[in-house]
Amino acid sequence: MTLDDRQNKKDYEYKLLSDAYRKLKNENEQLSGELKQIKKADREKSVLLSQISHELRVPMTSIMNLTEILLMRNDLPDAVRENLQDIQHSGEYLKALMNDTQDITLMEKKQLLFHYEPEVMDNVVAYVKKNIASLAEKKQICFEIHTEEFTRCSLMMDRVRIQQILINLLTNAVKFTPDGGHVELTLRSEKTEGNMVLVQILVRDNGIGIRPEFLPKVYVPFARDDRKEIGYQEGMGLGLPITKMLVDQMKGSIQVSSLVNKGTQITVCFLLEKKETAVIKPKPERKGNHSKRTGQILLCEDNRLNAKTIKTILETFHCKVNTAKNGQEAVQKFCESTLHTYDLVFMDLKMPVMNGVEATRYIRNLNRADAKIVPIIAMTASSDREDRKKMENAGITAYLYKPVNTEGLQRILERYLF
């Protein structure tokens with residue numbers, strides 16, 4: 001081969017490499033552009049879901065609270081009370097669907113936060129029993145709960161998330177157990193090193209069970225074991241996937257065993273830190289002539305109907321409620337009040353003129369003693385990590401997730417007021 005031939009061969013190979021490089025570069029640029037579009041679409045989807053969630057939770061708060069207020073009456077005919085209870089159960093179901101949709105999105109992005117506080121497991125069990133017992137009663141299912149001594153101890157936990165795990169598991173158990181069946185919740189514990197307690201949750205039923213071919217898919221979001229013999233079952237297939245993600249985030253374990261037409265057993269284990277004595281968050285300290293609490297509350301909520309229903313519920317706990325329809329009005333009312341007028345502030349986050357985060361920050365920066373210590377409770381539909389950080393930086397004390405209900409309000413009042 002001559003020198004010219006070798007040179008021509010090199011030039012040809014160089015050209016092939018150059019063409020391949022340009023092609024690869026163009027493909028990379030195209031992929032990079034597509035990736036940017038996907039990320040942009042994902043951000044827009046998250047914003048849209050957040051907006052939809054907020055818009056749905058606003059009327060849902062009014063529906064559930066008005067129903068709850070009516071159920072407080074003692075003069076209701078039985079038929080009316082039963083209809084109201086059906087509305088209440090339907091509202092709880094819609095609330096669960098909204099929470100599940102939001103949670104699965106946040107979990108996939110690893111943005112779901114846990115908030116650990118000292119809590120007694122018996123309080124969690126009581127809440128779960130209240131919610132599940134009525135569902136079981138409608139199907140004449142025998143629902144039993146077995147606990148041990150540890151459930152009366154103070155443990156560091158995220159109460160909302162543990163309630164969510166229990167309700168997800170028990171709702172499924174009741175749903176897939178025929179009328180007249182049996183559902184059982186057992187809570188056990190094992191002492192480990194130091195102050196840690198290994199908590200074991202067992203949920204058993206004698207329901208329809210899970211087919212062996214579907215067992216590997218039980219943790220796949222939106223997967224459903226649709227079986228002709230049982231007909232349509234409500235739900236989106238998110239209960240177990242969300243439970244698995246929550247347990248994983250708590251560094252725990254979950255196991256499912258099931259036999260068709262025999263029943264299912266689900267075992268969840270995780271570690272919680274035991275507190276020797278219950279830790280109660282100190283209430284704000286008062287000085288001088290303002291040592292007594294008056295039960296005066298500033299409620300900041302832009303939706304008229306929500307403000308009305310929340311105010312009515314708070315007044316059933318003998319609170320005096322002053323309302324503000326936006327953040328600017330809330331700041332103005334706080335500034336015009338005498339020192340220590342308000343024992344508590346409930347702050348909606350999405351309000352016109354001035355939002356809840358801005359209003360909270362403004363109040364915290366006021367040059368008066370009560371502005372620094374008054375508990376400010378955020379009312380929000382968001383569990384997003386970034387939103388949570390903004391709230392904490394502004395000086396939010398605690399959170400109430402929408403739809404706000406009587407139990408949530410009572411829990412806040414017991415912790416910060418009574």
Residues in side chain to side chain contact (heavy atoms under 4.5 Å, CB included) contact with N172, at least two apart in sequence or another chain =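 Testing N172 for side chain to side chain contact (heavy atoms under 4.5 Å, CB included), a comparison that skips the adjacent residues, returns K175, F176, L240.
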Under the side chain to side chain contact (heavy atoms under 4.5 Å, CB included) test, residues paired with S90 that sit two or more places apart |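 Side chain to side chain contact (heavy atoms under 4.5 Å, CB included) list for S90, sorted by chain: empty.
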With rounding to the nearest 0.5 angstrom, report the [atom1] to [atom2] distance, [X] to [Y].
{"X": "T360", "Y": "N393", "atom1": "OG1", "atom2": "CG", "result": "12.0 Å"}
{"X": "Q249", "Y": "F114", "atom1": "CD", "atom2": "CZ", "result": "4.5 Å"}
{"X": "C153", "Y": "E119", "atom1": "SG", "atom2": "CD", "result": "13.0 Å"}
{"X": "L417", "Y": "H318", "atom1": "CG", "atom2": "NE2", "result": "12.0 Å"}
{"X": "K244", "Y": "N168", "atom1": "NZ", "atom2": "CG", "result": "14.5 Å"}

If you compare all heavy atoms of [X] against all heavy atoms of [Y], which two are closest, and at what distance to 0.1 Å?
{"X": "L344", "Y": "V374", "answer": "N-CG2, 4.0 Å"}
{"X": "C300", "Y": "V345", "answer": "SG-CG1, 4.1 Å"}
{"X": "L298", "Y": "A324", "answer": "CD1-CB, 4.5 Å"}
{"X": "M121", "Y": "F150", "answer": "CE-CE1, 4.5 Å"}
{"X": "V260", "Y": "R211", "answer": "CG2-CA, 3.7 Å"}
{"X": "I254", "Y": "T243", "answer": "CD1-CG2, 3.9 Å"}

Is atom [atom1] of [X] surrounded by more than 12 heavy atoms (other residues, nucleotides or ligands) closer than 6.0 Å?
{"X": "K139", "atom1": "NZ", "answer": "yes"}
{"X": "K320", "atom1": "NZ", "answer": "no"}
{"X": "N367", "atom1": "CG", "answer": "no"}
{"X": "D179", "atom1": "CG", "answer": "yes"}
{"X": "K325", "atom1": "NZ", "answer": "no"}
{"X": "Q255", "atom1": "CD", "answer": "no"}

Might you work through the side-chain contact (heavy atoms from CB on, under 4.5 Å) test for V197 and E190, ending with a clear yes or no?
-> CA-CA 6 Å; V197 176; E190 290 182 19; over 6 Å; no
Mind telling me whether Y399 and H115 have parallel, tilted or perpendicular rings, with 30° and 60° as the class edges?
-> perpendicular
With distance as the sole test, does [X] use its side chain to make a donor-acceptor pair with the main-chain N or O of [Y] at under 3.5 Å?
{"X": "R368", "Y": "T338", "value": "yes"}
{"X": "T397", "Y": "I376", "value": "yes"}
{"X": "R204", "Y": "I266", "value": "no"}
{"X": "K311", "Y": "V321", "value": "no"}
{"X": "R361", "Y": "A394", "value": "no"}
{"X": "T177", "Y": "V174", "value": "no"}

Salt bridge or not for [X] and [Y], using N-O below 4.0 Å?
{"X": "E117", "Y": "R415", "result": "yes"}
{"X": "K390", "Y": "E392", "result": "no"}
{"X": "D86", "Y": "K138", "result": "yes"}

How would you list, by chain and number, every residue that makes a salt bridge (Lys or Arg N to Asp or Glu O under 4.0 Å) with K95, sequence neighbours excluded?
->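 For K95 there are no salt bridge (Lys or Arg N to Asp or Glu O under 4.0 Å) partners, ignoring immediate neighbours.
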Check: [X]/[Y] side-chain N/O donor and acceptor closer than 3.5 Å:
{"X": "T406", "Y": "E68", "result": "yes"}
{"X": "Q332", "Y": "E336", "result": "yes"}
{"X": "N322", "Y": "Y342", "result": "yes"}
{"X": "Q163", "Y": "R159", "result": "yes"}
{"X": "Q30", "Y": "N26", "result": "no"}
{"X": "K350", "Y": "N355", "result": "no"}
{"X": "T312", "Y": "T309", "result": "no"}

Test log, rule side chain to side chain donor-acceptor pair (under 3.5 Å), inputs Q410 and E414 | CA-CA 6 Å; Q410 183 177 8; E414 287 174 352; 3.3 Å; yes
Find out whether V268 and Q200 are in side-chain contact, i.e. whether some heavy atom of one side chain is under 4.5 Å from a heavy atom of the other.
->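 They are not in side-chain contact.
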Would you sort out whether V331 and M354 count as a side-chain contact (heavy atoms from CB on, under 4.5 Å), showing the intermediate values?
-> CA-CA 9 Å; V331 168; M354 180 186 286; 3.9 Å; yes
Give the intermediate values and the outcome of side-chain contact (heavy atoms from CB on, under 4.5 Å) for residues V203 and L170.
-> CA-CA 7 Å; V203 174; L170 289 166; 3.8 Å; yes
